[in-house]
**Q** 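Structure below; questions to follow.
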Amino acid sequence: MREDASVMHVDADSFFASVETRQKPSLARTPVLVGGTGPRGVVATANYEARAYGCRSAMSMAQARVLCPTATVLTPRFPAYAAHSALIMDTLRELSPLVQPVSLDEAFVDLAAGPFASDPVAGADLARRLIYNRSGLVVSVGLGRSKLIAKLASDAEKPHGFTVVTGDLEDDFLLRKPVAALSGVGPATDTTLRRLGIVTVAHLRAAERDELVRTLGEAAGWNLYRLARGDDPRPVVVEREAKSVGAERTFAEDLRQWELPGALDDVLARALRRLQRHGGGARTVTVKVRLSDFTTVTRSVTVAQPTSEVEQLREAARGALTAANPTEPVRLLGVALSGLTHWAQLRLPTPEDVETASRADGQSTATGLLESTNGRPPELLLPSSESPTDALVAHPSTEGAGALTEATTVDVDAASPSSADSLDDDEERLPAPLTVHTCSVGLDVAHEAYGAGWIARTADGVVTVRFEGPGTEPGPERTFDVRRELLMRIAPPAPCPPRRLTSLPSTAELTAAAPPALAEGDTPGSADAPAPDPSS
DNA sequence: TCTGGGGTCCTAGGACCC
DNA sequence: TCTGGGGTCCTAGGACCC
């Protein structure tokens, strides 16, 4: 265990909602909910104004609307969040090469590996200032000797926290925490621990190791035994290989039997797009079916060789769905692709492969491989752009190297016969005309005369657009009938510095001010100049 | 007012091999 | 005829994270 508190955890406060209020000035200081807007939507993020009404993440949107009827409910705009996330991560990488993103809005940084090794507190302070000055987003920061402590520290004073827990303060800080604050203790484990009379980390530390292992299992028991002692040697690691990719969809209304194959193709198409992005192939296709009574069944099919062939993966998915055999109406369908590799079998396997497949998994697998060839030339293993493997070289080819193609040329759209209009498409091309089917509150649009804005309300093809952006004052609203007037859906605005900020807020100001007031740039002496970039 | 979507990891049981 | 035990792979479910 290191001596200095040089592990930093950075967490953007109510991230999705904060990006929204940054880009929609009229929403500043008003309650905002971001999440599913459909009948079965849940809240992804509630800003602090909405939390004041009791709204929380993961709550059903219907409930949140009841709690806070005045809240603006926005459809998530992932491209905007991804752009802000990238800016945050890039900024952190200026402070250390060891940055481990945990999600779009969270990261661990090992400051001991960078220029702030001798003064991690200064590094952490700079991190929050740089992020604020470049994006207008406020983060909470925690510093500790381990990930465990850093994470708890960033959580200690949200929003806007800046908490340093040095070694000598660690026990004092840790032992008071409820066990549920520990990463790895969710509702189920919390209940189990409560039955043992364990509520705080102090209780947990007093517990017998054997009892923890007995009641929670080998891994979880040991893990909590160590965490209770502040023993967390997990290093900050830059990148980890993805183990699976997938997609799932909850339907507005439960699906009947006959609707399942089409819906499965839809979900599979999205999963395949992610596989395509990952590059290479997958061996196992897992289909998840959630019934109307919320019971969930998963069935999986594993093929002999990793593949990126649409037909073969679709066949596997259909087989898994059949095995799941849903007898009730279905509310959710999911497809996960695992056993990922950076290469994939795209052509007829060699006789040796078929033999191996037969031995490994019976005749159905071998048949699947054969059927997927469609009379194309025999061959072969495809390299990804990143990591060609020896397997490729070792694999005999009868048609020559000309048969080699990028795995990313797989025709994914062949798996998706549904409308190109769907908002599900996470790789849609913009700009594109707004249609009755693509109106969603929160989306970015532009009008030839009025410029860029966002959809504030929508009903039956009639949309109200508020024309404003991150660099403007709150703007006016205008209403259009999208069947008669052209509105273009456009990409979200890029992240940008907050307006009218001429000096970095001091640590004291950052800690004292509420986020909305700060975001307005109410620093004394502020003018209309952009924020200086202290890194330059 | 019923409960999203992207993932990771763990457990337990069965098949199979040696 | 009955019975080992370890290792690996696969599957299904569940807990957990954000």
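Numbered from 1 within each chain, the chains take letters A, B, ... in sequence-line order.
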**Q** For A/Phe294 and for A/Glu248, locate the closest nucleotide of DNA chain B by heavy-atom distance; then report the residue assigned to the nucleotide nearer the 5' terminus.
**A**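 Of the two residues, A/Phe294 wins.
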**Q** Can you list the residues that meet the ring pair (Phe, Tyr, Trp, His ring centres under 6.0 Å) rule with A/Tyr53, with sequence neighbours excluded?
**A**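 Per chain and number, A/Tyr53 pairs via ring pair (Phe, Tyr, Trp, His ring centres under 6.0 Å) with no residue.
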**Q** Using a heavy-atom cut-off of 4.0 Å across all strands, would you classify A/Arg299 as base, sugar-phosphate, or nothing?
**A**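 Since only primed, P, OP1 and OP2 atoms lie under 4.0 Å of A/Arg299, the category is sugar-phosphate.
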**Q** Less than 3.5 Å apart, which donor and acceptor atoms pair up between the side chains of residues 178-200 of chain A and the rest of the protein, not counting sequence neighbours?
**A**
| from | atom 1 | to | atom 2 | distance (Å) |
| --- | --- | --- | --- | --- |
| A/Thr191 | OG1 | A/Pro187 | O | 2.9 |
| A/Thr192 | OG1 | A/Ala188 | O | 3.0 |
| A/Thr200 | OG1 | A/Ala202 | N | 3.3 |
| A/Thr200 | OG1 | A/His203 | N | 3.2 |
| A/Thr200 | OG1 | A/His203 | ND1 | 3.4 |

**Q** Once you round it to whole Å, what is the distance between C1' of B/dT3 and CG of A/Leu291?
**A**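 That distance rounds to 15 Å.
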**Q** What pattern of brackets, bars and dots sums up DNA chain C from 5' to 3', given Watson-Crick or G-U wobble pairs under 3.5 Å, [ ] for crossing pairs and | for another strand?
**A** ....||||||||||||||
**Q** Show the atom names and distances, to 0.1 Å, of all donor-acceptor pairs under 3.5 Å that link a side chain in residues 209-224 of chain A to residues at least two apart or in another chain.
**A**
| from | atom 1 | to | atom 2 | distance (Å) |
| --- | --- | --- | --- | --- |
| A/Thr215 | OG1 | A/Glu211 | O | 2.7 |
| A/Thr215 | OG1 | A/Leu212 | O | 3.4 |

**Q** When you check the gap from the basic side-chain N to the acidic O, do A/Arg256 and A/Glu259 get nearer than 4.0 Å?
**A**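 So A/Arg256 does not pair with A/Glu259 through a salt bridge.
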**Q** CZ of A/Arg270 versus C1' of B/dG4: gap in Å, rounded?
**A**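 One finds 11 Å between C1' of B/dG4 and CZ of A/Arg270, rounded.
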**Q** Please state whether the phosphate of B/dG6, meaning OP1 or OP2, lies under 4.0 angstrom from any side-chain nitrogen or oxygen of A/Arg274.
**A**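 Yes, because at least one side-chain N or O of A/Arg274 sits under 4.0 Å from OP1 or OP2 of B/dG6.
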**Q** Rounded to whole angstroms, how far apart are CZ on A/Arg249 and P on B/dG4?
**A**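 The distance from CZ of A/Arg249 to P of B/dG4 comes to 14 Å, rounded to the nearest Å.
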**Q** For a quick check of understanding: with a heavy-atom distance under 4.0 Å over all strands, which category does A/Arg331 fall into, base, sugar-phosphate or nothing?
**A**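 Base contact.
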**Q** Nearest whole Å is fine: how far is C/dC18 P from A/Tyr81 OH?
**A**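 Nearest whole value for this atom pair: 19 Å.
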**Q** What do you reckon, is CD of A/Gln257 surrounded by more than 12 foreign heavy atoms closer than 6.0 Å?
**A**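 For A/Gln257, atom CD is crowded (more than 12 foreign heavy atoms under 6.0 Å).
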**Q** Round to a whole Å and report the spacing from CG of A/Leu340 to C1' of B/dG6.
**A**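 Spelled out: CG on A/Leu340 to C1' on B/dG6 is 14 Å.
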**Q** Each nucleotide in nucleotides 8-16 of chain B should get exactly one letter: B, S or -. Can you fill that in based on protein heavy atoms under 4.0 Å?
**A** SSSS-----
**Q** Would you indicate what A/Ala64 reaches in the nucleic acid, counting non-hydrogen atoms under 4.0 angstrom: base, sugar-phosphate, or nothing?
**A**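 Nothing: the residue A/Ala64, judged by heavy atoms under 4.0 Å, touches no strand.
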**Q** Respond yes when some side-chain nitrogen or oxygen of A/Lys151 is under 4.0 Å from OP1 or OP2 of C/dC18, and no when none is.
**A**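 A/Lys151 to C/dC18 OP1/OP2: side-chain N or O found under 4.0 Å.
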**Q** Partners of A/His9 by ring pair (Phe, Tyr, Trp, His ring centres under 6.0 Å), sequence neighbours excluded?
**A**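 Only A/Phe108 meet the ring pair (Phe, Tyr, Trp, His ring centres under 6.0 Å) criterion with A/His9.
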**Q** Who passes side chain to side chain contact (heavy atoms under 4.5 Å, CB included) against A/Ala58, sequence neighbours left out?
**A**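 A/Ala58 satisfies side chain to side chain contact (heavy atoms under 4.5 Å, CB included) with no other residue.
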**Q** Taking atom P of C/dC18 as reference, at what distance in whole Å does atom CG of A/Asp105 sit?
**A**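 A/Asp105 atom CG is separated from C/dC18 atom P by 9 Å.
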**Q** Looking at every strand, decide which applies to A/Gly334 at a 4.0 Å heavy-atom threshold: base, sugar-phosphate, or nothing.
**A**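 Answer is nothing: A/Gly334 stays at 4.0 Å or more from every strand.
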**Q** Using the P atom in both, what is the distance from B/dT1 to C/dC17, to the nearest Å?
**A**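 One P to the other, the span is 29 Å.
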**Q** In the structure I gave you, are the side-chain heavy atoms of A/Thr37 and A/Met61 within less than 4.5 Å of one another anywhere?
**A**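 With C-beta onward as the side chain, the pair stays apart.
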**Q** Pull out every residue in residues 178-189 of chain A that has a heavy atom closer than 4.0 Å to any atom of DNA chain C, ordered by number, or say none.
**A**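 Contacts with DNA chain C under 4.0 Å: A/Leu182, A/Ser183, A/Gly184, A/Val185, A/Gly186, A/Pro187, A/Ala188, A/Thr189.
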**Q** Output all residues satisfying side-chain hydrogen bond (donor to acceptor under 3.5 Å, both in side chains) with A/Ser300, sequence neighbours left out; order by chain, then residue number.
**A**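 Counting only residues at least two positions away or on another chain, A/Ser300 forms no side-chain hydrogen bond (donor to acceptor under 3.5 Å, both in side chains).
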**Q** If I pick the P atom on B/dT3 and the same atom on C/dC18, what distance separates them, to the nearest angstrom?
**A**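 Taking atom P in both C/dC18 and B/dT3, they lie 23 Å apart.
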**Q** Measuring from the side chain of A/Gln63 (C-beta onward, heavy atoms only), which nucleotide among B/dG4, C/dC18, B/dT1 has the closest atom?
**A**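 Closest of the options to the side chain of A/Gln63: B/dT1.
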**Q** When we call it a touch if two heavy atoms are under 4.0 Å apart, what does A/Ser60 touch: a base, just sugar-phosphate, or nothing?
**A**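 Contact class for A/Ser60: base.
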**Q** Measure the acute angle between the ring planes of A/Phe78 and A/Phe16, then classify it against the limits of 30° and 60° as parallel, tilted or perpendicular.
**A**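 If you compare the ring of A/Phe78 with that of A/Phe16, the planes turn out perpendicular.
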**Q** Which way is the base of B/dC2 turned, syn or anti, if we draw the line at 90° from 0?
**A**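 B/dC2: syn glycosidic orientation.
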**Q** Which donor-acceptor pairs under 3.5 Å do the side chains of residues 283-298 of chain A make with protein atoms, sequence neighbours left out?
**A**
| from | atom 1 | to | atom 2 | distance (Å) |
| --- | --- | --- | --- | --- |
| A/Arg283 | NE | A/Val303 | O | 2.8 |
| A/Arg283 | NH2 | A/Val303 | O | 3.1 |
| A/Thr284 | OG1 | A/Thr302 | OG1 | 2.9 |
| A/Lys288 | NZ | A/Glu248 | OE1 | 3.1 |
| A/Arg290 | NH1 | A/Thr296 | OG1 | 3.1 |
| A/Asp293 | OD1 | A/Thr295 | N | 3.0 |
| A/Asp293 | OD1 | A/Thr295 | OG1 | 2.7 |
| A/Thr296 | OG1 | A/Phe294 | O | 3.4 |

**Q** Identify each donor-acceptor pair in which a side-chain atom of residues 328-339 of chain A lies under 3.5 Å from a protein atom, sequence neighbours left out, and give them as a table.
**A**
none

**Q** So A/Pro39, base contact, sugar-phosphate only, or nothing? Heavy-atom distance under 4.0 Å.
**A**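 Sugar-phosphate: the residue A/Pro39, judged by heavy atoms under 4.0 Å, touches backbone atoms but no base.
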**Q** Send over the distance from A/Leu67 CG to B/dT3 P, rounded to a whole Å.
**A**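 Those two atoms, CG and P, are 15 Å apart.
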**Q** Sequence neighbours left out, what pairs pass side-chain hydrogen bond (donor to acceptor under 3.5 Å, both in side chains) with at least one residue falling in residues 234-247 of chain A?
**A**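 side-chain hydrogen bond (donor to acceptor under 3.5 Å, both in side chains) check on residues 234-247 of chain A returns A/Asp232-A/Arg234, A/Glu241-A/His342.
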**Q** Roughly how many Å is it from CG in A/Leu104 to C1' in B/dG4, rounded to a whole number?
**A**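 Whole-Å distance recorded here is 15 Å.
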